[in-house]
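This report refers to the structure that appears directly beneath it.
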Amino acid sequence: MDRLTAVSTTTLGLSFLVAAASAGLTAAANVPDRRRVYGLLRLVGTPLKVLDRARTRETALPLLVLAGGTIAAGVYGAYQLNQLADVSFNTSGAIQLAACVTGGALAMFAAIGGSRPPLRKVTAAPEQTAD
């Protein structure tokens with residue numbers, strides 16, 4: 001049972017690291033991919049704050065849904081294993097889960113914040129193109 005707990009904890013931690021890396025890559029990759037759209041939106045007068053808010057939501061909402069589903073599946077699986085092993089609820093597991101969720105959320109917000117400078121650079125001097 002101790003080995004199962006260690007493997008589960010490690011898997012949970014690695015899942016959150018992968019999710020945080022995914023958030024960073026998604027947030028950073030969206031800016032250059034949409035450079036033309038952001039430039040045109042800035043050209044017609046869309047405030048940078050609106051673009052930043054939309055980009056944040058576009059990155060955060062799918063991650064929140066994915067994280068919520070992962071947490072629900074993990075809690076359900078842990079509950080089933082606890083019942084199967086006839087073990088009561090373990091508060092240290094809940095603390096580890098809360099730490100992973102907090103760490104994942106902080107990493108996600110750091111990744112979103114890290115993609116603000118590229119957004120500002122891409123939209124700094126919008127140029128009108130022929131097409």
Side-chain angles (χ1 to χ4, degrees):
M1 195 62 166
D2 289 337
R3 185 174 173 95
L4 181 63
T5 301
V7 168
S8 298
T9 303
T10 302
T11 303
L12 184 63
L14 288 174
S15 297
F16 275 92
L17 286 175
V18 169
S22 174
L25 290 173
T26 300
N30 277 343
V31 173
D33 285 348
R34 300 204 176 120
R35 177 183 4 217
R36 181 182 171 111
V37 173
Y38 288 148
L40 291 173
L41 287 170
R42 289 288 290 154
L43 188 64
V44 297
T46 305
L48 188 60
K49 191 174 189 176
V50 171
L51 291 176
D52 192 35
R53 197 175 307 134
R55 184 190 48 79
T56 300
R57 287 184 183 143
E58 185 178 72
T59 302
L61 288 177
L63 288 172
L64 291 175
V65 169
L66 180 63
T70 302
I71 290 168
V75 168
Y76 178 75
Y79 176 75
Q80 294 299 322
L81 284 173
N82 284 345
Q83 278 193 333
L84 184 66
D86 198 27
V87 179
S88 64
F89 180 73
N90 186 349
T91 55
S92 70
I95 291 170
Q96 288 173 350
L97 178 63
C100 284
V101 169
T102 302
L106 290 174
M108 180 186 73
F109 289 125
I112 290 170
S115 67
R116 281 192 181 118
L119 176 66
R120 293 194 190 330
K121 183 178 179 185
V122 163
T123 61
E127 298 175 8
Q128 189 169 6
T129 59
D131 50 284

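Here the shortest heavy-atom pairing between L48 and R42 reads N-NH1, 3.2 Å.
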Next on the checklist: Show, in sequence, the C-alpha distance, side-chain angles and deciding distance for L106 and T102, and conclude whether the side-chain contact (heavy atoms from CB on, under 4.5 Å) test is met.
Outcome noted: CA-CA 6 Å; L106 290 174; T102 302; 4.1 Å; yes
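For V50, the side chain to side chain contact (heavy atoms under 4.5 Å, CB included) partners at least two apart in sequence or on another chain are T46, P47.
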